[in-house]
Amino acid sequence: MSDLRLRTFRAFSRTPSLRAAARKHAAAVATAGIEPEAKQQRDPLKPKGHSVVDSAIYCGGNRVASPHSLADTYSALHDAPQSLAWIGLYRPDRRELASLAQEFDLHELAIEDANEAHQRPKLERYGDTLFVVLKAARYRDATEEVEFGEVHVFVGPDFVVTVRHAEAPNLAAVRRRVERDPELLSRGAEAVLYAIVDKVVDGYAPVVAGLENDIDEIETEVFRGDPKVSRRIYELSREVIEFQRATRPLIGILEQLRGGFQKYGVDEELQRSLRDVADHVTEVVEKVDGFRELLRDILTVNATLVAQQQNEEMKSLAIASSEQNEEVKRISAWAAILFAPTLIGTVYGMNFDKMPELHWEYGYPFAIGLMALVCGGLHQIFKRRGWL
C-alpha cells in the first residue's frame with residue numbers, strides 16, 4: 001500500500017493536467033464557499049435511481065474531478081489509474097449496488113448487507129476489499145432520546161464507497177475535513193475510513209453526556225417517589241442496551257484493523273490515529289457498561305422503595321381495618337345490650353289479660369330490674385372480652 005501511495009504522488013507530480021484540475025477545483029470551492037457534498041446534502045431525497053450524494057476523484061490528496069454519476073466516476077477513475085475515488089450514496093437501489101459490485105468486484109454478501117441495512121457493526125475482509133458497518137448515534141434534546149444511524153463502508157486499494165440509510169452520520173463534514181488536509185487524504189483509502197470512524201466515535205460523546213444527564217434526573221425522580229419513573233427507567237435501559245450494541249463491537253473492529261497494520265503496510269501516522277480512536281471507543285464502552293449497571297441498581301432501588309411504600313400502605317390499611325373492627329365490636333356490644341331491655345319491654349308491652357305478673361304490685365319494678373340485670377351482665381361479658 002505504501003508503494004501505491006508513492007506512485008500516486010509521483011504520477012500526480014508528473015501530470016500537469018491533474019495539477020491544473022486540482023487547482024481549478026480548489027479555486028471553485030473557495031469561491032463558492034461550500035463543498036459539493038454539502039450542497040447536495042441539503043436535499044438528501046434524490047430521485048429514484050440517483051442516490052449519489054457526492055462523488056470525487058482525488059489525486060495526491062486533492063480533488064481533481066467531481067463526477068455526477070456512477071458511470072462518470074468509473075470513467076474518471078480509469079483515466080487516472082493512480083487516483084482515489086470516494087463515492088457517497090444515500091439509500092441506493094439494487095441496480096446501483098449491482099453496478100458498484102461489478103465495477104469494484106465487491107462480494108455479493110457485502111452488497112446484500114448494504115442493501116438490507118439494519119446490520120450489526122462489523123468488519124469483513126474480502127480479498128483486497130474491506131467492508132465495515134458502523135452505527136452512528138446522536139442525542140435528541142427535545143425528546144430526550146437517542147437516534148441511531150447506519151453507514152456501510154467499502155474500502156479498496158483505489159476506492160471508498162459509503163452507503164447511508166439515515167441522516168447520521170454527517171459524512172459531508174468528514175469529506176470537508178479530509179479535503180482540508182491533503183496530507184491525510186494522500187495516505188489513501190484507509191485515511192478516509194479512519195476519518196469516518198473518528199466522526200462516528202466523536203458523535204458518541206454528546207450521547208454519553210445526554211444519557212448521563214437522564215440517569216441523574218431518574219435518580220432524583222426515584223427518591224422523590226415519581227410514579228412514572230419505572231417506565232422511564234425501562235425506556236432508558238433499552239436505549240443504553242442499543243447504544244451498547246452500537247459501540248462494543250467497535251473494539252473488535254479496531255482490533256482487526258490494527259492486526260492488519262503491518263501486513264497491509266498502513267501508514268504509521270494512521271496507525272497512531274486509529275489507536276487514539278480505539279482509546280476513545282474503550283472509554284465510551286466502559287461508560288455505557290457503567291450506565292447499564294447503574295440503571296439496573298436504580299431499578300432495584302426503585303422496586304425496593306415501591307415495595308416499602310406498598311408495605312406502609314398495607315400497614316395503614318391494616319391499622320385502619322383493626323380500628324374499624326374495634327368500632328364494630330363496640331357498636332355490636334352496645335346493640336346487644338340495648339336489645340335485651342327492648343325484648344323484655346316488647347314482651348311486657350303486649351295487650352294480653354292473662355300474663356304472669358301482669359297484675360302484680362311489683363311487676364313494673366321487677367321488669368325494670370330485670371332489664372338492668374341483663375344489661376349489666378352483658379356489659380360485664382363484653383368488657384371482659386375487650387369489646388368495650
Side-chain angles (χ1 to χ4, degrees), residues 1-30 34-38 53-67 72-88 103-104 128-130 132 151 153-162 169-202 254 257-258 260-278:
M1 295 298 290
S2 58
D3 293 338
L4 175 60
R5 296 191 193 96
L6 182 59
R7 291 196 301 271
T8 300
F9 180 77
R10 289 174 177 171
F12 177 76
S13 302
R14 292 196 304 265
T15 310
S17 60
L18 291 180
R19 292 202 306 272
R23 288 194 297 269
K24 183 177 180 182
H25 174 77
V29 171
I34 188 169
E35 286 74 8
E37 182 169 1
V53 177
D54 192 9
S55 181
I57 303 296
Y58 300 96
C59 196
N62 295 283
R63 183 191 285 240
V64 296
S66 301
D72 293 342
T73 303
Y74 304 155
S75 178
L77 186 59
H78 293 161
D79 292 341
Q82 302 300 325
S83 58
L84 171 69
W86 181 1
I87 304 171
E103 176 66 24
F104 298 120
D128 292 335
T129 302
L130 282 177
V132 182
V151 59
V153 187
F154 296 90
V155 181
D158 60 349
F159 69 88
V160 175
V161 178
T162 54
N170 181 12
L171 295 185
V174 179
R175 194 182 288 266
R176 288 194 295 270
R177 173 193 171 187
V178 297
E179 288 184 353
R180 286 194 300 265
D181 189 357
E183 184 179 353
L184 173 64
L185 192 53
S186 66
R187 294 189 174 102
E190 296 95 338
V192 176
L193 176 61
Y194 151 72
I196 294 172
V197 175
D198 189 48
K199 174 65 176 178
V200 171
V201 174
D202 285 346
L254 293 172
L257 287 175
R258 291 166 62 182
F261 282 170
Q262 299 299 326
K263 181 178 180 181
Y264 296 97
V266 177
D267 184 87
E268 206 169 301
E269 187 62 31
L270 277 180
Q271 294 184 30
R272 283 192 286 268
S273 299
L274 283 171
R275 282 193 288 267
D276 181 66
V277 173

Next item on the list: Step by step, work out the side-chain contact (heavy atoms from CB on, under 4.5 Å) result for V178 and W86.
Entry: CA-CA 11 Å; V178 297; W86 181 1; 3.7 Å; yes
Checklist line | Partner residues of D181 under the side-chain contact (heavy atoms from CB on, under 4.5 Å) criterion, sequence neighbours left out | finding: E183, L184
Checklist line | Identified side-chain contact (heavy atoms from CB on, under 4.5 Å) counterpart of V192 within the set L84, L171, V197 | finding: L84
Next item on the list: Quick one: do V277 and Y194 satisfy side-chain contact (heavy atoms from CB on, under 4.5 Å)? Show the steps, please.
Entry: CA-CA 9 Å; V277 173; Y194 151 72; 3.7 Å; yes
Margin query: Show the nearest heavy-atom pair for residues L77 and I57, with the distance to one decimal.
Written below: N-CD1, 4.1 Å
Check: Looking at R175 and G88, what are the two nearest heavy atoms and their distance?
Finding: NH2-N, 3.8 Å
Check: Going through the checks in order, is the side-chain contact (heavy atoms from CB on, under 4.5 Å) test met by D198 and R177?
Finding: CA-CA 11 Å; D198 189 48; R177 173 193 171 187; 2.9 Å; yes
Next item on the list: Could I get the full list of ring pair (Phe, Tyr, Trp, His ring centres under 6.0 Å) partners for F154, not counting sequence neighbours?
Entry: F131
Check: Which distance, rounded to the nearest 0.5 Å, do you find between the CG of N62 and the CD of E179?
Finding: 9.0 Å
Checklist line | Note, V155 side chain near T129 side chain (heavy atom, < 4.5 Å) | finding: no
Next item on the list: Determine whether V151 and V132 make a side-chain contact, defined as any pair of heavy atoms from C-beta on separated by less than 4.5 Å.
Entry: no
Check: Between I87 and T162, does a side-chain contact (heavy atoms from CB on, under 4.5 Å) hold up when you go through it step by step?
Finding: CA-CA 6 Å; I87 304 171; T162 54; over 6 Å; no
Check: Are V160 and L193 close enough that some pair of their side-chain heavy atoms sits under 4.5 Å apart?
Finding: no
Notebook entry, point to check: At their closest point, which heavy atom of K199 faces which heavy atom of A173, and how far apart are they?
Noted result: NZ-CB, 4.2 Å
Notebook entry, point to check: Considering residues at least two apart in sequence or located in another chain, which fulfil the side chain to side chain donor-acceptor pair (under 3.5 Å) criterion with D79?
Noted result: none
Note to self: Minimum heavy-atom separation for S83 and D158, please, with both atom names.
What the structure shows: O-CB, 3.5 Å
Margin query: Suppose we screen for ring pair (Phe, Tyr, Trp, His ring centres under 6.0 Å). Which residues come up paired with Y74, at least two apart in sequence or across chains?
Written below: F104
